[in-house]
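All remarks here apply to the structure that follows.
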Amino acid sequence: MLDVKTIREDPERVKRAITERGMSVEVADVEGVLEIDARRREILVEVEELKRRSNKASEEIVALKKKGRDTAPVVGEMKGISESIKEMDTDVREVEARIRELMLDIPNIPDGSVPIGADETANVEVRRSGKPPEFTFKSKPHWELGEELDILDFQRGAKIASSRFTLLKGAGALLERALMNLMLDVHTREHGYTEVFPPILGNRDTFTSTGQLPKFEEDMYVCSDDLLLAPTAEVPVTNIFRDEIIPEENLPIKYSAYTPCFRREAGSYGKDVRGIIRQHQFNKVEMVKFAHPDNSFDELESMTADAEDILERLGLHFRVVSLCTADLGFSAAKCYDLEVWMAGVGEFKEISSCSNCTDFQARRANIRFKPAVGGKPRFVHTLNGSGVAIGRASAAVMEHYQMDDGRIVVPPALQPYMGGMTVIG
RNA sequence: GGAGAGAUGGCCGAGUGGACGAAGGCGCACGCCUGGAGAGCGUGUGGGCCCCAAAAGGGUCUCGAGGGUUCGAAUCCCUCUCUCUCCGCCA
């Protein structure tokens, strides 16, 4: 959520941001906010004056009673005022609810460093790391490798749940677990993150805070008791400090969490239908930071580097892309995608997304910090990044390290996590 | 799932219809005191919104949430949420 004051003071800037994101100004209704906000303040001034008088009259009644005088005239006057106050309070609540409704649909303002563009072709490659493997044989996609090695079972995954669910078996399951442990170990022992294991279901407040609700409910799995399955650990972990004030000296707070993630993938029919790239359930190690506004963009750089470190340890080829305005997530002011080279199919695939949400989520979630030198609490900046998506990492490893006989070399970084296994198959 | 108890400021805790974010204590900050520390003494110490160009200042709201009774609610009534205890079930 933006600050209403930002909209009040510079509505053109907000509208420009919405347009650059390729969003309609009807959906993100800046004019509507301006109108209703003006109305709200109008009513407030009026009702607060009435309340002031009512408070004064209350004092009078007490004074009169002490003197044993008749209070009836004042009480009579109060009756009318109370009625008006009640009515106007109702108006204020309605107006405030309406503003909030509109505000929740207005996206974050992209940072000045974000490339402006209408689609993903405007994304800017920032750097590359590693090299694609050179095969002397015809390389295979991971779903073929996985089925032949009997470590990925798509048929039975679909039988148990539905399409886009996969059963991992033997070394496939172990690889998943090894990646998870490697990532958590590196982030907690070397990158300074504290490991957390959050609830994976969250309530509506939680999902509204991080921006999934109200706009993106159709992408979520909603349980019958109105709890929702987290599509990423970003959701529960960012909410750890909802409605809290953090001492400034505690910033930045860095958490890393493994969780399964659940996404309906509504509207992605026919996309990545083969393999384990796009699943309704997948595993991910996530990084979340609560940062000081003054250095949150530095924290974004270091978080991105933390994610890159994982891919480097795995010896994978990847590139870092700065997302353009149109590709930027709703809550993000700036975002780097890490795209790993899928050697079997010969293309880059997003494996991590590192975002600085600035104060957008913090305002929705009411997460603030108390400045050490004193003064009003301010909103923190929240950041989140995949560190990294485990299923996609597993697929990338399979494809990158495949041999001509269909077996897969275990990269050295993973061997200790797989009981010393050096080859799968 | 059944029965009961509770929710007040950073923390503990008083407050059952009338001035007041709300006694007292702890904590914290500052000052005095001290060679220094402690003790002691004194002062201060939540957040939101609105008015104001801003500061200063002022107003208003806030005792888990929402609604009701009343001229007036932390206090009375209703609903909900959460926490704790006991019973049942259970990894």
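By convention in this document, chain letters (A, B, ...) are assigned in the order of the sequence lines, proteins followed by strands, and residues within each chain are numbered from 1.
- In this structure, A:Arg8 reaches the sugar-phosphate backbone alone: every heavy-atom distance under 4.0 Å involves primed, P, OP1 or OP2 atoms, never a base.
- For the pair A:Ser268 and A:Arg278, the minimum side-chain heavy-atom distance is below 4.5 Å.
- The listed nucleotides are B:G47, B:G72, B:U60; the one nearest the side chain of A:Arg368 is B:G47.
- Distance check on atom C1': B:A55 versus B:G38 gives 41 Å, rounded to whole Å.
- Judged by a 6.0 Å distance limit and a 45° cone about the ring axis, A:Arg392 is not positioned over the six-membered ring of A:Phe282.
- In this structure B:A53 sits in no base pair that meets the Watson-Crick or G-U test at under 3.5 Å.
- Counting to the nearest Å, the C1' atom of B:C61 and the CE atom of A:Met88 are 15 Å from each other.
- Distances shown here put a side-chain N or O of A:Ser82 below 4.0 Å from the OP1 or OP2 atom of B:G72.
- Look at B:U83: its Watson-Crick or wobble partner, with both distances under 3.5 angstrom, is B:A5.
- In terms of heavy atoms, A:Val380 sits closest to A:Ala362 at O-CB, 3.2 Å.
- A:Arg52 and A:Glu49 are joined by a salt bridge, as a carboxylate oxygen and a charged side-chain nitrogen come within less than 4.0 angstrom of each other.
- Within the 4.0 angstrom heavy-atom criterion, only backbone atoms of the sugar-phosphate kind lie near A:Lys370; the bases stay farther away.
- For the pair A:Glu249 CD and B:C28 C1', the interatomic distance rounds to 12 Å; values are reported in whole Å.
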What's the verdict on ring-ring contact (aromatic ring centres under 6.0 Å, His included) for A:Tyr255 and A:Tyr193, showing C-alpha distance, side-chain angles and the deciding distance? CA-CA 5 Å; A:Tyr255 285 142; A:Tyr193 293 78; 9.2 Å; no
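- With both ends at atom C1', the span from B:A5 to B:C41 equals 42 Å, rounded to whole Å.
- Residues A:Arg40 and A:Val75 both approach RNA chain B. Their nearest nucleotides, taken by heavy-atom distance, put A:Arg40 toward the 5′ side.
- Judged by Watson-Crick or G-U wobble contacts below 3.5 Å, the nucleotide B:U43 has B:A29 as its partner.
- Whole-Å rounding puts the A:Asp91 CG to B:U60 P distance at 20 Å.
- Atom-to-atom, CD1 of A:Ile245 to P of B:G48 comes out at 7 Å; the value is rounded to the nearest Å.
- Comparing the P positions of B:C90 and B:C12 gives an interatomic distance of 36 Å, to the nearest angstrom.
- Nucleotide B:A14 has no partner under the Watson-Crick or G-U criteria, as no pair reaches both atom distances under 3.5 Å.
- Taking atom NZ of A:Lys86 as the reference point, atom P of B:G66 lies 16 Å away to the nearest angstrom.
- As rounded to whole Å, 10 Å separates atom P of B:G68 from atom CG of A:Asp89.
- In this structure the side chain of A:Lys254 never reaches within 4.5 angstrom of the side chain of A:His187, judged on heavy atoms.
- A sub-4.0 Å separation between OP1 or OP2 of B:G48 and a side-chain N or O of A:Lys376 is present.
- When Watson-Crick and G-U wobble pairs are counted only if both distances are under 3.5 Å, B:U34 pairs with no nucleotide at all.
- Between the C1' atom of B:A19 and the CG atom of A:Asn55 lies a distance of 11 Å, rounded to the nearest Å.
- For the C1' atoms, the distance from B:G58 to B:G6 is 39 Å, rounded to whole Å.
- Nearest-nucleotide positions on RNA chain B for A:Arg93 and A:Ser58 put A:Ser58 closer to the 5' end.
- Taking the C1' atoms as reference points, B:A37 lies 12 Å from B:C33, given to the whole Å.
- Nucleotide B:U60 forms a pair with B:G48, judged by Watson-Crick or G-U wobble geometry with both contacts under 3.5 Å.
- Within the nucleic acid shown, A:Ile61 comes within 4.0 Å of at least one base atom, counting heavy atoms only.
- The C1' atoms of B:G46 and B:C20 are separated by 16 Å, rounded to the nearest whole Å.
- Side-chain contact between A:Pro231 and A:Met220: present, with at least one pair of heavy atoms (C-beta onward) separated by less than 4.5 Å.
- The residues A:Asp3 and A:Arg8 are annotated as not salt-bridged, no charged nitrogen and carboxylate oxygen being separated by less than 4.0 angstrom.
- The nearest whole Å value for the distance from the CG atom in A:Asp226 to the P atom in B:U81 is 12 Å.
- Relative to the side chain of A:Arg52, the nucleotides B:C50, B:G59, B:C71 differ in distance, and B:G59 lies closest.
- Side-chain N/O atoms of A:Lys79 include one lying less than 4.0 angstrom from OP1 or OP2 on B:C71.
- Of the C1' atoms belonging to B:G15 and B:A22, the separation is 8 Å, rounded to the nearest Å.
- In this structure, B:U75 makes no Watson-Crick or G-U wobble pair, since no nucleotide meets both defining distances under 3.5 angstrom.
- When the C1' atom is used for both B:A19 and B:A73, the distance is 15 Å, rounded to whole Å.
- The shortest distance between the side-chain N/O atoms of A:Arg41 and the OP1/OP2 oxygens of B:C51 is below 4.0 Å.
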